[in-house]
Structure formats: structure tokens, C-alpha cells
Amino acid sequence: MMADAEAAGAMSFIFEAGVLKRAARTGWWFVGEKSPETVAEHSFRVGIIGAVLAAMEGADASRVGLMGLLHDSQETRVTDIPHIGRRYLDATPNEKITADQIASAPEPVRAMIQSVVDEYEARQTIEAIVARDADKLECLVQAVEYREAGYQNVQPWIDSSLAALKTDSARRLAEEALRGDTLRWQRTFAGTD
């Protein structure tokens with residue numbers, strides 16, 4: 001059977017993206033979490049939050065959700081570098097890393113993925129602004145969950161995430177998240193709320 005070069009190129013990116021299922025979000029080690037969520041777990045929830053925020057802000061939820069899924073895809077090659085570590089490194093731009101990652105994929109795939117990453121990194125459209133807010137809000141939500149689990153040093157993550165939010169909807173959701181009622185959904189379903 002002869003290899004299909006286009007399919008092989010697309011699968012190369014898909015297999016590489018799978019590495020994110022094993023790549024830890026390393027910043028949480030500083031608060032004492034030995035097994036923090038993975039980059040893939042973070043990106044999944046960024047996509048969900050992004051779609052919700054997009055609906056609230058009147059943006060394209062599909063585009064924002066896709067930005068959320070792809071915004072950290074470059075970490076297969078450079079890992080998740082905590083903010084303090086970035087002070088000491090000259091990083092290659094995410095747009096360049098993405099171009100390398102998708103170089104062997106079919107042209108329509110390259111064009112779609114590159115345009116999503118380029119738009120996210122430029123932060124000029126409402127979709128990119130909402131997607132960035134989704135990333136910051138997901139970090140805040142994770143910090144609230146870790147705080148609820150007993151980790152005490154999460155306030156810097158909460159503060160920096162709050163300060164970075166641009167949209168009214170993200171600030172509203174952040175205020176609600178900070179109430180810390182992470183299991184309200186369960187009690188409501190069980191009829192105990």
C-alpha cells in the first residue's frame with residue numbers, strides 16, 4: 001500500500017497534538033500540585049470557556065473555540081514554560097512553531113490552522129480577544145479549584161488572570177468563579193440546592 005502524503009502530513013500534526021495529553025502545566029508545581037492538569041486538559045476547557053464567552057460577547061463561538069483548542073499547541077515543541085521561566089528565554093514566536101508543525105499537512109489544513117494561530121497571537125479581532133480571555137479565565141478557574149483542594153498559594157494566578165481580562169463577560173464569569181462554589185452544578189442536579 002502506497003502512503004498518502006497528504007494524510008500522512010495531517011496525521012503527523014494530529015499525533016504531535018496528542019503529546020499535549022501528557023504535557024503538564026508546569027506553573028502549578030509552584031503551588032505544590034505534583035500532578036497538574038495537562039496542556040490538553042487546559043486547552044479543552046479554554047475551548048469550552050471561549051465558546052461560552054463568545055456567545056455572551058456576540059463573537060463567533062466556533063472560531064473562538066478553535067483558538068482555545070490550538071492556542072498552546074506549540075507546547076509540544078517548547079513545553080509549558082512558567083511565566084518566571086520566560087524571563088530568561090528568547091522564545092520562537094508561536095506562529096513560526098505552528099508553521100513548522102503543519103509544514104507537511106495539506107494546504108487547506110495548513111491555511112486553517114495557521115490563520116487561527118496568527119489571529120489568536122495578533123489579538124486584534126473580537127474572537128482573539130475573547131479567546132485570550134478564555135485562556136486567562138481558565139487559569140483563574142483552575143486556581144479556584146486548586147484553592148478549594150487546599151492549595152494556599154494560588155492568589156498570584158488569580159490576581160494576574162483577573163488583571164488580564166478584557167471583556168465584561170469574562171469579568172462577570174470571573175466574579176462568579178471567585179465565589180468558589182465549584183460543585184453547585186452537582187447539588188442543583190441532585191436537588192439539594
Side-chain angles (χ1 to χ4, degrees), residues 1 3-53 61-123 127-128 130-143 145-146 149 151 154 157 160-161 164:
M1 176 187 259
D4 177 341
E6 285 193 336
M11 278 311 305
S12 179
F13 178 73
I14 292 167
F15 281 130
E16 182 173 344
V19 171
L20 298 175
K21 293 167 53 175
R22 298 182 297 276
R25 299 256 300 154
T26 59
W28 296 116
W29 291 337
F30 291 99
V31 301
E33 175 57 57
K34 293 179 180 143
S35 297
E37 82 277 6
T38 67
V39 174
E41 290 166 328
H42 163 72
S43 295
F44 169 78
R45 190 155 58 176
V46 171
I48 297 291
I49 292 170
V52 169
L53 280 176
S62 298
R63 186 78 172 176
V64 174
L66 187 55
M67 284 184 201
L69 291 176
L70 293 172
H71 82 286
D72 280 342
S73 58
Q74 306 79 15
E75 292 181 8
T76 60
R77 301 207 174 182
V78 295
T79 71
D80 177 55
I81 303 166
H83 285 284
I84 194 166
R86 293 177 191 178
R87 293 179 62 186
Y88 305 99
L89 301 173
D90 292 323
T92 299
N94 283 341
E95 300 92 330
K96 166 78 170 99
I97 297 169
T98 296
D100 289 348
Q101 290 175 306
I102 60 176
S104 64
E107 194 285 322
V109 173
R110 288 193 317 269
M112 180 272 299
I113 292 173
Q114 193 69 57
S115 73
V116 168
V117 171
D118 290 351
E119 182 179 349
Y120 177 81
E121 294 298 333
R123 293 182 179 82
E127 285 76 17
V130 169
R132 176 71 170 170
D133 270 6
D135 180 35
K136 295 304 179 183
L137 187 55
E138 199 288 327
C139 186
L140 180 142
V141 168
Q142 188 63 65
E145 290 171 340
Y146 282 147
Y151 294 97
V154 298
W157 281 262
S160 66
S161 295

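In this chain, numbering begins with 1 at the start of the sequence shown.
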(message) What verdict does the side-chain contact (heavy atoms from CB on, under 4.5 Å) test give for Phe44 and Glu37, after you've listed the backbone C-alpha separation in whole Å, the side-chain angles of each residue and the deciding distance to 0.1 Å?
(response) CA-CA 11 Å; Phe44 169 78; Glu37 82 277 6; over 6 Å; no
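Atom CG of Leu89 is surrounded by more than 12 heavy atoms from other residues, nucleotides or ligands within 6.0 Å.
By the 4.5 Å heavy-atom criterion applied to side chains, Met112 and Leu66 are counted as neighbours. Val78 has its side chain within reach of Ile97: a pair of non-hydrogen atoms, C-beta onward, lies under 4.5 Å apart. Contact check for Thr98 versus Gln74: side-chain heavy atoms found under the 4.5 Å cut-off. Within the 4.5 Å cutoff, no side-chain heavy atoms of Asp72 are placed close to those of Leu20. Inter-residue side-chain proximity for Pro36 and Phe30 is flagged as unmet; no heavy-atom pair is nearer than 4.5 Å. A 4.5 Å side-chain heavy-atom check between Val109 and Phe13 finds every atom pair outside the cut-off. Between Leu140 and Leu137 the shortest side-chain heavy-atom distance falls below 4.5 Å.
The line from CG of Leu53 to CD of Glu127 is 12.0 Å long, rounded to the nearest 0.5 Å. Between the CD atom of Glu138 and the OG atom of Ser161 there is a distance of 9.0 Å, given to the nearest 0.5 Å. Between the CE atom of Met11 and the CG atom of Asp4 there is a distance of 11.5 Å, given to the nearest 0.5 Å. Distance check: Met67 CE to Arg132 CZ gives 13.0 Å after rounding to the nearest 0.5 Å. Here the CH2 atom belonging to Trp157 is positioned 11.0 Å from the OH atom belonging to Tyr146, to the nearest 0.5 angstrom. Rounding to the nearest 0.5 angstrom, the gap separating the CZ atom in Arg87 from the CD1 atom in Ile81 is 14.5 Å.
For Lys96, the side-chain hydrogen bond (donor to acceptor under 3.5 Å, both in side chains) partners at least two apart in sequence or on another chain are Asp100. Partners of Thr26 under the side-chain hydrogen bond (donor to acceptor under 3.5 Å, both in side chains) rule, at least two apart in sequence or in another chain, are Asp80. For the side-chain hydrogen bond (donor to acceptor under 3.5 Å, both in side chains) test, residues two or more places apart in sequence or in another chain that qualify with Glu121 are Asn94. Taking the side-chain contact (heavy atoms from CB on, under 4.5 Å) definition, one finds that Glu145 meets it with Arg45, Val141, Gln142, Thr182, sequence neighbours left out. By the side-chain hydrogen bond (donor to acceptor under 3.5 Å, both in side chains) test, Glu119 is found to be paired with Arg63, Thr125, residues two or more places apart in sequence or in another chain being considered.
Between the side chain of Ser12 and the backbone N or O of Ala8 there is no donor-acceptor pair closer than 3.5 Å.
For the ring pair (Phe, Tyr, Trp, His ring centres under 6.0 Å) condition, the pairs that include at least one residue of residues 64-85, sequence neighbours left out, are His42-His71, His71-Tyr120.
Using a 4.0 Å cut-off between charged side-chain N and carboxylate O, Glu33 and Arg25 make no salt bridge.
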